[in-house]
Amino acid sequence: MAKGSQRTMARRGTYASQAVKEYWQYVWDREDAYELADAENPTYVLGMFPYTSGTLHMGHVRNYAITDAYARYRRMCGDDVLHPMGWDAFGLPAENAAYERYTDPESWTEACIAQMREDMADMGFGYDWSREITTCRPDYYRWNQWFFREFHEAGLVEYKAAEVNWCPDCETVLADAQVQEPDPGTGDGDGIGEAPAADTDAGPDTDAGVDADVGPDAHDHAGVCWRCETPVGRRELDQWFFTITDYAEELLAGLDDLDGWPDSVREIQRNWIGRREGARVTFEVEGHGDVDVFTTRLDTICGATYLAVSPGHDLAAALAAKDESVARYVDAARASAHGGMSGVETDATAVNPVTGEELPVYVAAYVLEDVGTGAVMGVPAHNERDHSFAMEQDLPLRQVVEPVDGSADGLPGEPYTDAGMLVDSGDYDGLASSAARERLLSDLAAAEPDVTYRLRDWLISRQRYWGTPIPVVHCEECGPVLVPEADLPVELPEFVQTTGNPLEDIDSFVETECPECGRPAERETDTMDTFVDSSWYFLRYLSPDLDTAPFDQEVAGEWLPVDVYVGGEEHAVLHLLYIRFFTRALADLGLVDVQEPVERLVNQGTVLYDGTKMSKSKGNVVNPHEYGAETTRLFVLSAAHPERDFEWTARAVSSSYDLQQTLHGLVESFVERAGVREEREPHDEYVAREIDRTIAAATADYERFRFHQAVTEIRQLAALLGQYRDYDTPHEAVYRRGLGTLTRLVAPLTPYLGEEMWNLLRGEGLVAHADWPTPERDVADYDVERRLVRTLREDVRDIFDVANIENADEIEITVAPDWMYRAHEVARSADEGDALVGQILEDDAVPAGEDAQAYAEELLERRQELERMLDADAEYGLLDRAAWLLSDEFDAAVTVRRADGDDGAEKARPGKPAVHIR
RNA sequence: GCGAGGGUAGCCAAGCCGGGAAACGGCGGCGGACUCAAGAUCCGCUCCCGUAGGGGUCCAAGGGUUCAAAUCCCUUCCCUCGCACCA
């Protein structure tokens, strides 16, 4: 058949996914295609559920395209797959939206959910919607309250005063993310002025609350309120905490075994937990009892020239009570987040437990209340901050450590902070730092080994409406009392527009009676951090309708942990630490029997536009539907490795569109084919084997989440099948199998197209439930085989080009004589010391003669670099099957033959046949 | 400062874990087929030299290990991100 005519035929139809989406959505729905009923141990594939911000953005699409492709792949492999979706529906932005639009958070959130669910359906994501969960509904958040009770009972809940960011105008605490830099004029468009959640990536949101209070950066801000630009102050409030620090050691140690997690996340968590080994040293302060300090440099204790406590320290309060100037300083320092190297000397003195010296006691802002013990021994010679403070306050330096190698130590201008050898330390002189630390610990009654963590307890109180009410009643007599389990859930009252916390204004909510003594009492009006909601949602999916427990323990025992969890890396320390904490806490409560919630974690990269992350505030957002949902989905999967960032370009997107058209066109033209061929020829065999090779390669790519590589395989097979179709009337079974393979390989990436192609091919049932293709032949050598064919084609092209051949009648391919393969094999398997040439020439398969002698010597020369080869038969067979590619390309007859002695095949070698063009 | 991850042809980007092809694929560019033409589609080329498959140089820079390195090791430079008044 002439080449052109079929090619034009192939262009007949155009695949328009818009038109077919509704149909397949209907069918999937009708068949409950993605529901999981009962299963022994399904593969649990989870994407971080989205904050309900209103519409699906590109970050979501990338996130969920990855889980969907993988879930579909596993399902086709025969696994039971749990692939649920839900809504992280509580949070500050809904409240703000309610203010701005004169509505209420619930209506707003429900509208967002409806929109996003529709967006997801449109993208073809196959979720088990029967397991949908929504965190703002009482049937979900009641279990937050239940957990609060359980944790309380287990001693994991504390109620204590905490210092937080406070906006006096809005009358609420602010999340760190809600505190702006004071100077917006030079803003480089990093999202300032946006609701924090408005353009975040998929996943549990970082919106409401003082999240950063689990860490240290709350101390860093001297900013203004993001909403009203009022300078943010500090305020001390009674707050509820989960004592995640009880698990600091476990959470840290557990990281070592999380092999399925990216190193980066594990490292970030290690940093965040920040374990420090050191010593707790007691200094006696005359008239005030003892003051403990924590130090990692006990070896420098003799260099202490002062003692400093934080403005929040008990000693500071005691001293302030007697001393006006101390009181003034403490007040000023506590009101401001930035104290610099300010401080105030007090009239107290502390005794150095080693030297017995009396040290002046300071109150200093640089000493943080919640770090270590809130007090430090000041060693200006060997600590950066102490040095700065001493310079500022004109305190003396005393060097007690010297560099061992006698190099310059930088003192007194700079502190010497490295380890070294002790001097001016009495009995400890001459010891190395580490040895001195050990000795001091054993000698000193006042010093004990101690460990501190950077990790803080998890402050879960939020002075917001749109969250889970903390199930506590405050009674004047009984103090804070837990709401009894039988009275749960404590439901949110109807929303009212107000400044500050709406719950405080709703008397019917606040006024209640004490569960213990029955007297009038007030409800807690704080709600929980939304990260509480997302800390256990993966458990709720297991039994979303259960109303007697948060989740079915038996099911959890079988189905956990989550096999694959996909989401953005921005949650490395918050959500991903909390979810681990919860799991461990629940394990200790006997509710689950895994220690870690997630086996394998994938952090998807971001989608860039003009080199920066797509975000509303930068105005560089591409709507996922702008280019067609399925094209977008295929593009985000094929553009790059899932963990890497990539650039959105319209051109690259259009090549994803083209690929869909190509695939659809191939199937369509097959269905409309004029004739078929039954007898099988060598080139059919080539295609058949290439199909196998593609299956093997693409399957490996899917296993490793290399969807972009799988797409490359699909492209290549599609190109080959197109060439095959145009070369000659295709063999019915081979071609059909090729198209069926292509269909199934692409179906997880483009589910609508997959169904459409499958349907055209009259595949059985849905492609979503079809069996993943398997190779029919051994494909262990596929890389060697592909390389041989590729090299040959390149060589032939080279010859045409270099020899300037316009037209050829015949291309003759001659494979090397059998004995050469044998000789090659002998050479490859020979040991280093063997007499190679002799060994080859003695081999029965190698004929005597000059040729053999020459080849043996050649092998000897290259013996180290010999590569694995096909054997003679395999090579001949492969080339015979591949000959059509040359014939098609050069429009010449191609013969493949084996060398038979005196035939001009001198150049042929194993892996490199002789080529003659006539 | 500490820690993590990167730097691959005009551009994007794979390969690096398990060393062996001037290095997948896409975009752009060039040439060709099909066409009145354009678009779409298809084929080839796209580091340098070469009239029979050859040679040279190459994966940030430099050094090392190895028969063999983009891949392993060391040093340097650059970029991105995380942590940092943490005692």
Side-chain angles (χ1 to χ4, degrees), chain A residues 2-5 7-8 10-11 14 215-217 219-220 262-272 274 276 278 293-297 308 338-341 364-368 370-379 383-386 388-389 417 452-454 569-570 572-573 635 638-641 643-647 649-656 658-659 661-662 665 697 704 706 708-709 711-716 719 722-723 726 783 786-788 790-792 794-805 862-868 888-889 907 912-917:
Chain A
K3 282 186 181 181
S5 60
R7 278 175 184 153
T8 26
R11 289 289 311 144
T14 298
D217 34 355
H219 302 285
D220 250 336
D263 287 344
S264 58
V265 172
R266 294 198 282 174
E267 197 57 32
I268 288 169
Q269 293 208 349
R270 281 189 196 104
N271 276 342
W272 188 265
R276 288 281 145 72
V293 304
F294 176 80
T295 178
T296 55
R297 292 298 303 274
H338 267 295
M341 282 299 152
Y366 85 94
V367 183
L368 304 177
D370 57 355
V371 174
T373 61
V376 300
M377 61 178 199
V379 186
N383 177 282
E384 298 271 355
R385 287 171 307 278
D386 294 350
S388 304
F389 185 75
T417 57
T452 65
Y453 300 89
R454 211 172 63 88
E569 193 176 19
E570 63 272 20
V573 281
F635 174 63
S638 60
H641 185 300
E643 305 206 331
R644 293 278 284 253
D645 296 349
F646 70 84
E647 179 78 18
T649 62
R651 284 191 203 288
V653 176
S654 76
S655 95
S656 287
D658 293 346
L659 177 58
Q661 299 301 337
T662 302
R704 298 173 67 206
R706 302 297 204 269
H708 61 299
Q709 294 294 88
V711 170
T712 295
E713 288 295 335
I714 289 165
R715 278 184 194 280
Q716 286 169 344
Q723 188 182 2
D726 295 340
D783 51 339
R786 280 180 166 177
R787 194 190 316 178
L788 177 66
R790 185 175 144 172
T791 313
L792 175 66
E794 282 170 358
D795 284 348
V796 174
R797 279 173 209 141
D798 258 3
I799 296 167
F800 268 85
D801 188 41
V802 174
N804 224 341
I805 300 169
R862 298 169 38 228
R863 68 184 299 178
Q864 304 263 249
E865 62 192 78
L866 296 177
E867 291 180 45
R868 191 164 58 96
D888 189 44
E889 181 173 341
K907 285 197 171 174
K912 198 154 179 75
V915 176
H916 286 273
I917 299 171

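Keep in mind that what you see is a predicted model, and the values were worked out from it rather than measured. So that the names make sense, note that chain A is the first sequence line, chain B the second, and so on, each numbered from 1.
Of all nucleotides listed (G15(B), G44(B), A87(B)), G44(B) comes nearest to the side chain of Arg797(A). Residue Trp272(A) places its side chain closer to C83(B) than to any other of A87(B), C24(B), C83(B). Comparing C45(B), G25(B), A14(B) against the side chain of Thr712(A) picks out G25(B) as the nearest. The nucleotide whose nearest atom lies closest to any side-chain atom of Val367(A) is, among G15(B), C85(B), A87(B), A87(B). Taking every side-chain heavy atom of Val371(A) into account, A87(B) is the closest of A14(B), G44(B), A87(B). Which of A87(B), A84(B), A23(B) sits closest to the side chain of Arg790(A) comes down to A23(B). Distances from the side chain of Val376(A) to the nucleotides C45(B), A87(B), C24(B) place A87(B) closest.
Atoms CD (Gln269(A)) and C1' (G82(B)) sit 12 Å apart, rounded to a whole Å. Distance CZ (Phe646(A)) to C1' (G26(B)): 13 Å, rounded to an integer number of Å. In this entry the distance linking CZ of Arg786(A) with P of A23(B) reads 16 Å, nearest Å. Protein atom CD1 of Ile714(A) is 14 Å distant from nucleotide atom C1' of G26(B), rounded to whole Å.
Within the 4.0 Å cut-off from OP1 or OP2 of A84(B), at least one side-chain nitrogen or oxygen of Arg454(A) is found.
Here, G54(B) and G6(B) have their P atoms 36 Å apart, quoted to the whole Å. Here the separation of G20(B) from C24(B), taken at their P atoms, is 14 Å to the nearest Å. One P atom belongs to C43(B), the other to G7(B), and the distance between them is 31 Å to the nearest Å. G10(B) and U46(B) are spaced 13 Å apart, taking the P atom of each and rounding to whole Å. Rounded to whole Å, the separation between the P atoms of A60(B) and A9(B) comes to 8 Å. One C1' atom belongs to U8(B), the other to A61(B), and the distance between them is 15 Å to the nearest Å. Rounded to a whole angstrom, the distance from the C1' atom of C30(B) to that of G15(B) is 27 Å. Using atom C1' as the reference point in both C73(B) and G19(B), the two lie 13 Å apart (nearest Å).
Counting any heavy atom pair closer than 4.0 Å across all strands shown, Asp386(A) reaches no nucleic acid atom. At the heavy-atom level, Arg787(A) lies under 4.0 Å from base atoms of the strands shown. Counting any heavy atom pair closer than 4.0 Å across all strands shown, Gln716(A) reaches sugar-phosphate atoms only and no base atom. When heavy atoms are screened at a 4.0 angstrom cut-off, Thr791(A) is found touching no nucleic acid atom at all. Residue Arg276(A) is classed as a sugar-phosphate contact, given heavy-atom separations below 4.0 Å to backbone atoms only. Heavy atoms of Arg704(A) sit under 4.0 angstrom from at least one base atom. Counting non-hydrogen atoms under 4.0 angstrom, Met377(A) reaches nothing in the nucleic acid.
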Distances under 3.5 Å between nitrogen or oxygen atoms of protein and nucleotides 3-9 of chain B:
residue	atom	partner	partner atom	Å
G3(B)	O2'	Glu267(A)	OE2	3.1

Write out a two-atom table: protein N or O, nucleotide N or O from nucleotides 67-70 of chain B, distance below 3.5 Å.
residue	atom	partner	partner atom	Å
C67(B)	O4'	Gln864(A)	OE1	3.4
C67(B)	O2	Gln864(A)	O	3.3
C67(B)	N3	Gln864(A)	O	3.1

Distances for protein N or O near nucleotides 47-54 of chain B N or O, under 3.5 Å:
residue	atom	partner	partner atom	Å
U51(B)	O4'	Val802(A)	O	3.0
A52(B)	N6	Ile917(A)	O	2.6
A52(B)	N1	Ile917(A)	N	2.8
G53(B)	O2'	Asp795(A)	OD1	2.6
G53(B)	O6	Val915(A)	N	3.3
G53(B)	N1	Pro913(A)	O	3.0
G53(B)	N2	Asp795(A)	OD2	3.3
G53(B)	N2	Pro913(A)	O	2.8

Set out, in order, the CA-CA distance, both residues' side-chain angles and the distance that settles side chain to side chain contact (heavy atoms under 4.5 Å, CB included) for Val371(A) and Phe294(A), then state yes or no.
CA-CA 9 Å; Val371(A) 174; Phe294(A) 176 80; over 6 Å; no

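Under the salt bridge (charged side-chain N to carboxylate O under 4.0 Å, His left out) criterion, Arg297(A) pairs with Asp299(A), not counting sequence neighbours. Listed by chain and number, the residues in a ring-ring contact (aromatic ring centres under 6.0 Å, His included) with Phe646(A) are Phe635(A) (sequence neighbours excluded).
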Pairing pattern in dot-bracket form [Watson-Crick, G-U; both distances under 3.5 Å; | = partner strand] for RNA chain B
((((((((.[[[..)....(....]]]((((((.......))))))(((....)))...[[[[[..)....]]]]])))))))....

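Both Ser654(A) and Gln709(A) lie near RNA chain B, and the one whose nearest nucleotide falls closer to the 5' end is Gln709(A).
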